[in-house]
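Every chain is numbered from 1, with letters handed out A, B, ... down the list of sequences.
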Amino acid sequence: MVRPPRPETTGWLLDAYPTTHGMHLWILTEKGDRLFFPVPFHPRFYIGTTGRVLEQTRRRLERLRFPVTLAETERLELFSGTLHPVLEVTVLSPSDFFEVVRQSSSLPEVALYNCDIPLPQLYFYESGLFPLAFCRIGTPPDGVELLDSPWNTDSPVPPIRTVSVALEEESGPARCGSLGGLVVEIDGERRLLDGEDPRELLTTLNTFLKREDPDLILTNRGDDMILPRLLALSGKLGIPLALNRFGNQEISQGKERSFFSYGKMVFRAGGVSLLGRWHLDRKNSFILGEAGLAGLFEQARVTRIPVQHLARTSTGTGITSMQMAYAISSGILVPKDKGMPEAFRSGLDLLEDDKGGMVFLPRPGFHESVVELDFASMYPSLMTTHNISPETVDCPCCPENRVPGSSHHLCTRRKGLVPAVLSPLLAKRQRYKELKKTSEDPHLRQEYEGRQGALKWLLVVSFGYLGYKNARFGKVEAHECVTALSRNKLLQAKEVAENQGYRFLHGIVDSLWLSRPDLDEAECRCLADEISRTTGLTIGIEGLYHWIIFFTSKGRPGLAVPNRYLGLFRSGEIKIRGIALRRSDTPPFIARIQKRMIDHLAQAKNLREYRSLLPGAREVLDEGMKEIGEGRIPVSELVIKKRISKEPEAYRKASFQAIVAQELTARGQAPRPGERISLVITGARDPDPASRARAYDTFSPDHSYDRQAYAHLLLQACEPLLDFSGQSLPEKKSAKGKPLDLLLRKRQRQPEPAESEKTMI
DNA sequence: TTCAACCACTT
DNA sequence: ACCCTTGGTTGAA
């Protein structure tokens, strides 16, 4: 353990770990020293009780064998906004904290607050510090003075030393057999650590880590393959593995989890977290994959969640952490997490709500001279500008401040917790976007892109969490206010546009597509400004299109579907949504053919040219069909990746995923719900389900792929590009006299009967 | 054949 | 706890 040197020095707070006496801080100084030193920390939680029960509670807590300090005080209750008397329990040793909480929760008639927050986060909330904060250390001795703010956009970036570690062979059968060799890389230099002799591998790795002393070990599949295997080897051979920089605690693997997030099951391998050093697995982190290290660090700063934990958690946890930080600094009691399992709304429900805005049916087919306008961060902006928060909706004081299109009203007197958390996020993201635009340095632009992307995800999920029943700070009614207002704004936008002579083609939640002959950018800018003025929300130009195609529904020919389109911007960029190419379960071969067809067709600047390019596109498709038919395509190009949504045995239908999931199970490699499996179709029509498809891993040269099935998939994916028929079919379906092509599907819950109020309290 | 049930994907 | 964006498949009727 290293004490901070004096005189004072400056550096970055990289992590904080609870110990028996307080916290240990890991600091990287500007001079490049790595320091570990202890700071005092005594976590507190609160018990809401009064009178006789209070006395009993006190006596019970005093009898516990853990040193605690009790104090009667008051804290704000979020929903009422009033002070409640509470018993503050300060636990001397962080290591006792959760045990004291556990024993307290068995006390009769008590409610616990601030009691289930991970200790590093609690420490960050209470100290005002945050991961990656730039600090001065040693003033006062052992003290840390913050020289930074989570809202700075120009904080110095710590010079982290990174080692990359990957398996020599990326593919191959999962989680069985030996480890194989490892490829390690630092400062662009690659080295292969041979896997033949495990003993030597371990000692070489130890020497390597000792010499390079990295702050970050960045792996591909470190959580589920590399580290568990190394640890197992280390145990078997009795050679300790020097992964931690600090302490000699045993390295343990976290629990693997499957959970719903945004409409789908996701699987997270149990994480392997280190002390005094980070281990991050690129393949086991949503935000790392989405926004890179820059994005991960950005989120760690604003959410105050330690980097390794943040990398492996869902974005919702991040927004919740920000809300808790705000609550604690405002003296608001943090309710216990309701613990989702039972009443967890299915992913589909959650997703529905996220789309709960207004969706039009597009005018199907090919359109020329089109502009797309998008509201900037529509939902979070609505939440802040209208003060939408669980405690501000339907408040007792402001019944006159009604939300149009809903039965709710919003408080005008008390600033809501949710808006308070979101407004600095919105502002910071805006600044990053501007910095990105004005920056010359491509490296810096990428950095800003990662950071704004990380903030975008926090903003996106903030809306979902607002309506999620089990969120600590969620309430459906607040959610309904947001969707009601968003519908209202989209309609206003449509009206303004139509008044200015634009033809409304399509609208989804926060975007609208308009056409007018001979569009020019300046006019569109005026329109956007006018819509911004009318709605009070910023709307921007996503782009001007030469043309856009809204594909028709296969189920209901003549009608288009909202989320499948292909457009060519005047900038030359192609925008593709919803079609095979964008889907993660499309085999690479099919995606490539489709891409080639699109690239060919995108030479067209208008419908006439598009038509003239059709034969060429058809040729690409025919070529692909021929290749499939001749069986010339490498299987790796035909792999279909599917995410397993349930336990393999739970499937009731012999779908390809089910067949292969069960095949893997039989081989002792049972996939977990949320995990993705790779499969190849071998005989879609085979009477024996087991022969219809097989895992890519077990596909050997004696197997062959099902040519017919793949030909079918290819046609299905690519034919719509050649015939999007919206044009050729006159809009005859509107025979009843109604313009059916703009059928509006507003999904709105039935208004709740008033009786639901009595179940509150 | 048809059709209900099932299943995955989408930002 | 359930009435659902679409597109697709499975397997029974």
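- In terms of phosphate contacts, H712(A) brings a side-chain nitrogen or oxygen within less than 4.0 Å of OP1 or OP2 of dT9(C).
- With distances taken from any side-chain atom of R564(A) to the nucleotides dT10(B), dG7(C), dG8(C), the minimum falls on dG7(C).
- Remark: the separation of the P atoms in dT5(C) and dT2(B) is 25 Å, to the nearest Å.
- The side chain to side chain donor-acceptor pair (under 3.5 Å) check on K433(A) picks up nothing, with sequence neighbours excluded.
- Distance, L714(A) CG to dG8(C) P: 13 Å, rounded to whole Å.
- Each of P689(A) and V561(A) was assigned the nucleotide of DNA chain C with the nearest heavy atom; the assignment lying further toward the 5' end belongs to V561(A).
- Residues passing the side chain to side chain donor-acceptor pair (under 3.5 Å) test with Q662(A), sequence neighbours excluded: none.
- One finds a side-chain N or O of R582(A) lying less than 4.0 angstrom from the OP1 or OP2 phosphate oxygen of dT11(B).
- Residues passing the side chain to side chain donor-acceptor pair (under 3.5 Å) test with E298(A) are K428(A), Y432(A), sequence neighbours excluded.
- The side chain of D585(A) approaches dC9(B) more closely than any other nucleotide in the set dG8(C), dT11(B), dC9(B).
- Remark: the separation of the P atoms in dC4(C) and dC9(B) is 22 Å, to the nearest Å.
- Residues satisfying the ring-ring contact (aromatic ring centres under 6.0 Å, His included) criterion with F375(A), sequence neighbours excluded, are absent altogether.
- Applying the side chain to side chain donor-acceptor pair (under 3.5 Å) criterion to Q430(A), with sequence neighbours excluded, gives no partner residue.
- Considering only residues two or more places apart in sequence or on other chains, F551(A) meets the ring-ring contact (aromatic ring centres under 6.0 Å, His included) condition with none of them.
- Of the residues listed (Y565(A), F550(A), F366(A), F569(A)), the one engaging Y545(A) in a ring pair (Phe, Tyr, Trp, His ring centres under 6.0 Å) is F569(A), and it is the only one.
- For the ring-ring contact (aromatic ring centres under 6.0 Å, His included) test, no residue two or more places apart in sequence or in another chain qualifies with H712(A).
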What does the list of N/O pairs under 3.5 Å between the protein and nucleotides 3-6 of chain B look like, with a distance for each?
from	atom 1	to	atom 2	distance (Å)
dC6(B)	OP1	R652(A)	NH1	3.1

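- Within the structure, a side-chain polar atom (N or O) of S645(A) is placed less than 4.0 Å from OP1 or OP2 of dA8(B).
- Between D510(A) atom CG and dT11(B) atom P there is a gap of 13 Å when expressed in whole angstrom units.
- Across residues 679-688 of chain A, not one residue has a non-hydrogen atom less than 4.0 Å from an atom of DNA chain B.
- For dC7(B), neither phosphate oxygen OP1 nor OP2 lies less than 4.0 angstrom from any side-chain nitrogen or oxygen of Q657(A).
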(request) Begin with the C-alpha distance, continue with both residues' side-chain angles, and end with the deciding distance and a verdict on side-chain hydrogen bond (donor to acceptor under 3.5 Å, both in side chains) for T682(A) and D706(A). (result) CA-CA 5 Å; T682(A) 47; D706(A) 183 336; over 6 Å; no
